[in-house]
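Working notes, beginning with the structure itself.
Worth knowing before you read on, the calculation uses all heavy atoms, side chains too, and leaves out hydrogens, waters and symmetry mates. Residue numbering restarts at 1 for every chain, and letters A, B, ... go by the order of the sequence lines.
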Amino acid sequence: MERIYLDNAATTRVDAEVLKAMEPYFTDDFGNMASLHAWGREAETAADKARREITKKVNGKEHRLVFTSGGTESNNFALKGIAFANREKGRHIITTKIEHDCVLNASRWLEKRGFDVTYLPVDREGFVSPDDFAGAIRKDTILASVMHANNEIGTIEPVRELGKIAHEHDVLFHTDACQSFTKVPIDLRKDSIDLMTVNSHKIYGPKGVGGLFIRQGVRIEPLLHGGGQEFGYRSGTVNVAGIVGFAKAVDMMKEKHIRNMEKMRDLLIEGALEIDKSWLNGPRGEKRLPNNAHFGFEHIEGEALIIHLDLKGIAASTGSACSSKSLEPSHVLTAIGLRPEQAHGSVRFSTGKETTKEQIEYTLEALRESVETLRKMSPFG
Amino acid sequence: MERIYLDNAATTRVDAEVLKAMEPYFTDDFGNMASLHAWGREAETAADKARREITKKVNGKEHRLVFTSGGTESNNFALKGIAFANREKGRHIITTKIEHDCVLNASRWLEKRGFDVTYLPVDREGFVSPDDFAGAIRKDTILASVMHANNEIGTIEPVRELGKIAHEHDVLFHTDACQSFTKVPIDLRKDSIDLMTVNSHKIYGPKGVGGLFIRQGVRIEPLLHGGGQEFGYRSGTVNVAGIVGFAKAVDMMKEKHIRNMEKMRDLLIEGALEIDKSWLNGPRGEKRLPNNAHFGFEHIEGEALIIHLDLKGIAASTGSACSSKSLEPSHVLTAIGLRPEQAHGSVRFSTGKETTKEQIEYTLEALRESVETLRKMSPFG
Amino acid sequence: MAMQYNEKVMEHFRHPRNMGVIENPDAVGFVGNKTCGDAMKIFLRVEKRNGKNIIKDIKFQTYGCVSAIATTSITTEMVKGKTLDEAYNIGRADAARELGGLPPIKMHCSNLASEAIQAAIDDYRKKHKNIKENV
Amino acid sequence: MAMQYNEKVMEHFRHPRNMGVIENPDAVGFVGNKTCGDAMKIFLRVEKRNGKNIIKDIKFQTYGCVSAIATTSITTEMVKGKTLDEAYNIGRADAARELGGLPPIKMHCSNLASEAIQAAIDDYRKKHKNIKENV
Ligand SMILES: Cc1ncc(COP(=O)(O)O)c(C=O)c1O
Ligand SMILES: Cc1ncc(COP(=O)(O)O)c(C=O)c1O
């Protein structure tokens, strides 16, 4: 049985060339960047080169890239670090209802520590309204955090507009770009971004590596205190091999890969919507992540569908309550106005640079069958 | 020129077999542990196996190993997590003057947040006195954090005794075992340890991977909030390849490797002390890390000596002020009572499992020469 | 957390036993709803044998996750041929045990199957009582 | 942070110019101390030429880090053959520039070399003044 991986939004395969680029930093140039000797200098040179290359991709001339252990750490660092460092200025933070759990749960933690957080609603396609955003800004607002693209339904938020509004009101602007980085253009300067979260394992790089771009001059408190690595912003022995792999992954993402994701996504959307009582969540076209397809199927429970597809060798994901620890359906699907029974029947397919037309055709066939089988099993079918 | 790496306390080469064990988890079984499908299950199975294997090494029957990005994160997590979760019980924490920067700086941060920290002194060999420890415990003490072995001078602290005292007073006991893990026996149960920090890159595993053992039932708040991975203790996509490498590294550390480190350490100590006006910092024998040799040389500035040795292909480290960002000599050397000029002239050599007698002989020859040259250059020589 | 279902659970999910409907059943039980993500319908054919009410045939329909489907499937197997009293006493823990265990977070899903059977038996008893009374 | 010294700095560290002592020097300058980790001693031989005081020979001893050693070395090269007034005006930035740059955190180390030379020149002037006065 061929196995078909359509869960690239969850994580990606490390590209063989990325692994090759990393290898010397495991076994040969394995030094600690903080060391004075040749091994230390080699490590530092490699990490600084990686830092420069990644920073160039997003026009980060006024920014410093601080390496972290991933998107979750970067988001926790950004929110808590800005909050604690600027609490004399104000205690109000703006974010949205559809952020990743790490932004939401860091925000909730800050609420318990005396901060006040506004969670902006979104429309049925998942868009934050710039008017709502502007309206939420208060005198004591210090930070706004709006994701660049949503990980479930693929909505690309109008960060340029939001960043501009934030800056007009002297509010720092952070965006979580874990899903969009290298896939959707972003420009730290033109998009008025003060802080941006990125990670490596969504773009064919290794897990356990991420970064936070920080505009120079922005006051932020470290999350990890210690030896003062990463310009004092993030202590801990730097994961040089991981960083080199991250930079290689960034370098390897080419236009043709994105075009392939997009084409496969569109084939999938077209085919899946031919299934009876199905619908697409999130927007169509330009404003959708190139690799995201997210469907609802009536009378279907998502976990059962995912496992059914899994038995046919196909990897996808669901926002169904049954698949989550909280037993609540996805907060994103709820935020776009789906009823619980609609959220339960949701499935996300995320295409990759290696996805083929044959794989999509096989997947559509399997999807049709599985939906039919499960509906037949159901008392509602 | 042969290159001789004697800075294994800073970081180690990733063992070729460790890398081999990791490789499949980069490119084949690359799934996200949180995914429902086959890729997710493979990842989870691998991580859980690694977790069990590592936990077994330290008799962690009542503990859960939570994977993190390294020693710095684990220590920040332990201190801040325990402090915040138990602040209704009390606000006093005990630690020592010779902890790693990440424990000290996390403690200082907690002091700014309303906690009260006692930094215990040590004797000339770096030992914490159990009497001092017992004397420092107050009614409102919630946590004591004492490192298992010191990273600079190699002193192995009497954690079993300290843990027992802590428990008698209902104080949680944390130990930072980054330097000693797998090299010096420890038993989470017998040593009365509630929390223990470990990491991978000091034992021939990859950088960016560590863990915190947490006794079940201990109240601790996460440092990284988010998707609820790692039993809800540490969010973020789990670095499966790194964890598999960590477990392999733990498995590969054998008695013979430790015996080799020890033998090479002793050769080095014997030879270096033959140099005029030299001395050993830290204790001798059983109570010293098997791979640590730490010397002082009068009239020598450490950075110059390290770079001199570096020119001869030898990697070592120093606690000299000139090598640090703060331009202060090492807090550990100050704590054991060295005068600043003595601290400036300090050098640490840390042997490894691959260190040979020939390398030690060459190193001693180089050391003698370098010390002589630098002393000749000095106005004090 | 990847759900680690065992072989037996997966076997019942892949090939559910007694899946379907009984035309003109003696009793029907329905529990759950779409909003909470799990719903089950149980159809019974009951036969009197030696003065006892025996479940002669049983069919089910389930909307829900893997655990819900597998526990309904195995529960129908377990109660088939049993008396109504015996069937009524088969609790949720029994189905999970018979399946060789479920992921802890999924234990709640196993409630529904026994509840659905109890609902069907209640339905049968209600109807039967009515019949008796009406005679 | 690994210190990234450039080639020229390393060359001066490896092969310090004018290292050593001058027997019976015309002047001596000493700055720094062991406690702060850097100390330097400068020995001068001064010659009058065309009415000017020229540094004819210079030697140094340094206790300190790579930057300290390299800046002393290059500073002695820079002042050799210069008049005392010229030498006095060579500031710390000059040595660092001549070396092609130092790691930012190490810039402070370059102070000491010019200070040591100024101390030696002060010593020369003091002695000389005394001689004049005593004549
Ligand atoms: C939008 C978004 N933010 C944050 C994260 C968390 O990143 P990481 O898994 O690297 O911690 C993810 C992915 O998991 C994501 O999709
Ligand atoms: C004793 C001790 N604690 C903590 C750390 C920090 O660990 P890491 O580098 O994995 O963050 C180290 C090493 O750097 C150490 O030696």
Heavy-atom pairs under 4.5 Å with chain B, option from A:Ala38, A:Pro206, A:Ala16, A:Gly208 with the top count: A:Ala38
Contact leader toward chain B among A:His201, A:Glu23, A:Met22, A:His100, where contacts are heavy-atom pairs under 4.5 Å: A:His201
Heavy-atom contact with chain B under 4.5 Å, split by part of A:Ser107: neither
Spatial distance of atom OG (A:Ser69) from atom CD (B:Glu73) [nearest 0.5 Å]: 5.5 Å
Engaged part of B:Tyr5 at the chain A interface, taking heavy atoms whose separation is under 4.5 Å: both
Contacting region of B:Thr68 [heavy-atom separation from chain A under 4.5 Å]: neither
Note, B:Arg13 side chain near A:Asp28 side chain (heavy atom, < 4.5 Å): yes
Considering all heavy atoms, the nearest A:Thr72-B:His225 contact: CG2-O, 3.5 Å
Part of A:Asn239 lying under 4.5 Å from any heavy atom of chain B: both
B:Asn105 side-chain N/O to A:Gly226 backbone N/O, donor-acceptor pair under 3.5 Å: yes
Contact origin within A:Ala316 toward chain B - heavy atom pairs under 4.5 Å: backbone
A:Ala241 portion near chain B, given a 4.5 angstrom heavy-atom threshold: neither
Partner chain B: residue of A:Ala43, A:Gly70, A:Cys102 with the largest heavy-atom pair count (under 4.5 Å): A:Cys102
B:Arg108, part contacting chain A, at a heavy-atom distance under 4.5 Å: neither
Winner by heavy-atom pair count (cut-off under 4.5 Å) against chain A, out of B:Thr237, B:Ile306, B:Leu311: B:Thr237
Geometric class of the A:Phe84/B:Trp109 ring pair [parallel <30°, tilted 30-60°, perpendicular >60°]: perpendicular
Contact summary for B:Thr27 and A:Val14, nearest pair of heavy atoms: CG2-O, 3.2 Å
A:Arg3/B:Glu42 salt bridge by N-O under 4.0 Å criterion: yes
Polar side-chain atom of A:Lys207 near backbone of B:Phe30 as donor-acceptor pair, under 3.5 Å: yes
Contact leader toward chain A among B:Ile314, B:Asp7, B:Leu104, B:Val240, where contacts are heavy-atom pairs under 4.5 Å: B:Asp7
Ionic contact status for B:Glu221 with A:Arg113, cut-off 4.0 Å: yes
Exercise: identify the closest heavy-atom pair between A:Phe26 and B:Leu19: CD1-CD1, 3.5 Å
Which portion of B:Val238 sits near chain A, non-hydrogen atoms under 4.5 angstrom: backbone
Side-chain touch A:Arg41/B:Asp310, heavy atoms, less than 4.5 angstrom: yes
Which portion of B:Ser235 sits near chain A, non-hydrogen atoms under 4.5 angstrom: both
Most chain A-contacting option - heavy-atom pairs closer than 4.5 Å, from B:Ile4, B:Val209, B:Asn75: B:Ile4
Rounded distance (nearest 0.5 Å) linking atom CG of A:Leu224 with atom CG of B:Leu223: 6.0 Å
Any donor-acceptor pair under 3.5 Å from B:Asn32 side chain to A:Thr11 backbone: no
Structural part of A:Asn199 lying under 4.5 Å from a heavy atom of chain B: neither
